[in-house]
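See structure below.
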Amino acid sequence: MRILQLHCDSIEYTPTKKEIQSAENIENPSTVKLEELVVAFIAIEEGDDSSVAKNAISQIQNSMEKIGCKKLLLYPYAHLSANLARPTTAMSILKEMESLATNLDVSHSPFGWTKSYNVKVKGHPLAESSKVITKDSESKTNEITSEALKGESTIRSYWKIMSPDGTMTNIGDFDFKNYKKLEILAKYESAKQRQVDEPPPHVALMKKLGIADYEPASDSGNMRFFPNGRLIKSLIERYVTERVKEYGGNEVETPIMYDSEHPSMVSYFNRFPARQYNIDSEGKKLFLRFAACFGQFLMANHFQLSHKNLPYRLYELTRYSFRREQSGELVGLRRLRAFTMPDCHAFCKDIPQAVDEIKVRFDLSQSVLQELGIETSDYEMAIRFTEDFYNENKNSIEDIVRKHGRPVLVEMWKEKFFYFVLKWEFNFVDNLGKASALSTDQIDVENGKRYDISYIDENNSEKNPIILHNSPSGAIERIIYALLEKAAKDSQEGKKPQLPLWLAPTQVRIIPIKENFNEHCISLQKKISLENVRVDVDDRNESIGKRIRDAEKEWIQYILVIGDKEVNSTNLSIRDRQTGSMRELSFDDFIQEIQTQTQNKPFTSLNQSTFLSKRPNLMV
RNA sequence: GCCAAUGUAGCUCAGCCUGGCUAGAGCAUCCGCCUUGUAAGCGGAAGGUCAUGGGUUCAGAUCCCAUCAUUGGCUCCA
């Protein structure tokens, strides 16, 4: 028996004339229209019997359960086979199948008639499948989906919680009382449970603070960054890059598009569902990179590496990486189709060296997040590995978990399906209980060979390195999302939302009480600027109250109102946003206070006009 | 990608159910007045292809269909 199974929005068919003598008798051949159903086109073949009918129906039921559909139309369709059963047998098997599908709303179209039909098939990956069922063989199912998607659904994994002491507990038995966010992550990942029904607060904030917005003239998930957003993003980019270089990363730049027919890509591509942007150019099928892997591997393929050079680290900050995520998945700065990703690969000579190296990078990632303003308590860790790798590297895995200091979510794969044997990630859990990965690292045991990257070992023989794939911060946009979500949470709890001072587009605002203090303000502004502080002047003809309010709305930490009193004093009167009250400090103490908060962080000058009267209103 | 909700001025929203005067408000913008002491000073003007495209109707922001976008859920996230 051969079956072509289609999940349809609708089907409409009209029996036109009897095709064979023994065709089924029907009263009034008229058009039938059915909606929201599965249509099974069926060819019943020589040798099919009741057992085949049973098997077929049970397989159809299984897949219908998966896609959540209850209505089935059996549609006799001779053209699927060249070895058809006799019509009488076929008709009885068809009717048997109909009677077996007891828990479904089932019907069949008339047997032996020529029919015209119109069918609208749904667009999801499981919508179309074909099955071949024979009497003696085990049923052979052939889902027409990409190889990678097919593999993904068959992957077997065990979900556990590992405590810092190395003990593993089943998720169901673990006491999550003190680990609410871990519980959210565990349920999110293993049971795919969600709770929320409101938009994430960072979406409104990114617009109000003039950071970023959707660009309707581009594709969904491709954002535009306003001056404030560009400033924040560039500071984070610079900070992460500096830290990776300090660790030993060699910064490179590689193309953003590649030829999908290049031999190294063809095999890599089988690992991925088709989620990339494609561009056809002069007969080449190019695609936009979804990570920096390609560029770095192709580059490393050209290097002459000795075991003495390893571990060797290549780093690129991709602006951009592109993933054509499903449209329903895109949200604000959390999930994008074009994003900036620091990507650092370490080529290691063997697993022991890779395991040592991954620990160094774990510390780096933890520290980078901390310095960006994301505390250990803001994220939960997940670690995934194959059962074999766990058995051989139990102590090292426990070392890594111990570094996190709290229980972590574990996914253990029965066998290796991906190109890596271990992967860990930090998941930021936001106010609404959504988890998204920030830092991550992987131990890749396949791509060294796939990209023909090799090094010469102590015995003068050629080996493929083990490759680590680390993003110490995760996507830069996602860091901004996390910072804004944290600020929104503070706001909900009655605290004043704030960005870390080194990321604030304006750090100090000066407000002259009257126009005749403008000159004094400008010279003060210049003096403070020289100390690498972003300071601007609100010289608009607005009331003091109004200008204070606007500065507060921009989350500016320090406000200096300048009038007679200040002009005649050596000290500065400073309004501190966190307390809302006034303080008097000397110039030097004030600068000192700012520099303590911004030390070891990159600095860039104001990215808007110094004078508010010269700024267009960008708050969207 | 699937299901649902939403889409009206630069922004936030009212009007839509029950079709019918010139589509309203606040904020922002512009002009004028005020010359300011720590979260919104006063007055006036300008600003709209009611997401886009079709349809029904004497008449569509309003009803119907399709498309696009955003948000939520599902799926996905190597």
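Computed from a predicted model, the values in this text were never measured in an experiment. Throughout, a chain's letter reflects where its sequence line sits, starting with A, and its residues are numbered from 1.
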Among B:G73, B:A40, B:A78, the one nearest A:K546 by side-chain distance: B:A40

Taking any heavy-atom pair under 4.0 Å as a contact, classify A:I559: base, sugar-phosphate, or nothing. nothing

Can you pull every protein N or O that's under 3.5 Å from an N or O on nucleotides 43-52 of chain B?
none

If I compare all heavy atoms of A:G295 with all of A:Y258, which pair ends up nearest, and what's the gap? CA-OH, 3.0 Å

Touch class at under 4.0 angstrom, heavy-atom based, for A:G332 against every strand present: sugar-phosphate

Of the listed B:A69, B:A78, B:G73, the closest approach to the A:F418 side chain comes from B:A78

C1'-based separation of B:C11 from B:G72 [nearest Å]: 23 Å

I want to verify a distance call: between B:G72, B:A40, B:G1, whose nearest atom is closest to the A:V331 side chain? B:G72

Partner of B:G19 under the Watson-Crick or G-U wobble criteria, both distances under 3.5 Å, comes out as none

Exam field: side chain A:R534 to backbone A:A504, donor-acceptor pair closer than 3.5 Å: yes

Tabulated below should be each protein N or O lying under 3.5 Å from an N or O of nucleotides 33-37 of chain B; please produce it.
from: B:C34; atom 1: N4; to: A:N541; atom 2: ND2; distance (Å): 2.5
from: B:U36; atom 1: OP2; to: A:K514; atom 2: NZ; distance (Å): 2.9
from: B:U36; atom 1: O4; to: A:N541; atom 2: OD1; distance (Å): 2.3
from: B:G37; atom 1: O6; to: A:D564; atom 2: N; distance (Å): 2.9
from: B:G37; atom 1: N1; to: A:E566; atom 2: OE1; distance (Å): 3.2
from: B:G37; atom 1: N2; to: A:E566; atom 2: OE1; distance (Å): 3.1
from: B:G37; atom 1: N2; to: A:E566; atom 2: OE2; distance (Å): 2.6

Atom C1', compared across B:A46 and B:A39: separation rounded to whole Å: 29 Å

Look at all strands and tell whether A:S220 reaches a base, only sugar-phosphate, or nothing, counting heavy atoms closer than 4.0 Å. sugar-phosphate

Is there a donor in the side chain of A:E316 and an acceptor in the side chain of A:T254, or the other way round, less than 3.5 Å apart? yes

Summary of ring pair (Phe, Tyr, Trp, His ring centres under 6.0 Å) pairs that have at least one residue in residues 465-497 of chain A, sequence neighbours excluded: A:H202-A:Y481, A:F297-A:H469, A:H345-A:H469, A:Y419-A:H469, A:F428-A:Y481

Separation of the C1' atoms in B:G19 and B:G10, to the nearest angstrom: 30 Å

Given the C1' atoms of B:U70 and B:G60, what is the spacing between them in whole Å? 25 Å

Sticking with atom C1', work out how far B:G47 lies from B:A25, rounded to a whole angstrom. 14 Å

Whole-angstrom distance between B:U57 and B:U12, as gauged at atom P: 37 Å

Approximate separation, where rounding is to 0.5 Å, of A:L298 CG and A:Q296 CD: 10.5 Å

Would you measure the distance from the P atom in B:U56 across to the matching atom in B:A61 and give it in whole Å? 16 Å

Where the side chain of A:R335 is defined as all heavy atoms beyond and including C-beta, which of B:A39, B:C76, B:U70 is the nearest nucleotide? B:C76

Which one, B:A39, B:A78, B:U71, comes nearest to the side chain of A:F420? B:A78

Please report the distance separating the P of B:G15 from the corresponding atom of B:C76, rounded so that it comes out in whole Å. 39 Å

Side-chain H-bond candidate by donor/acceptor type, A:D219 with A:Y277, under 3.5 Å: yes

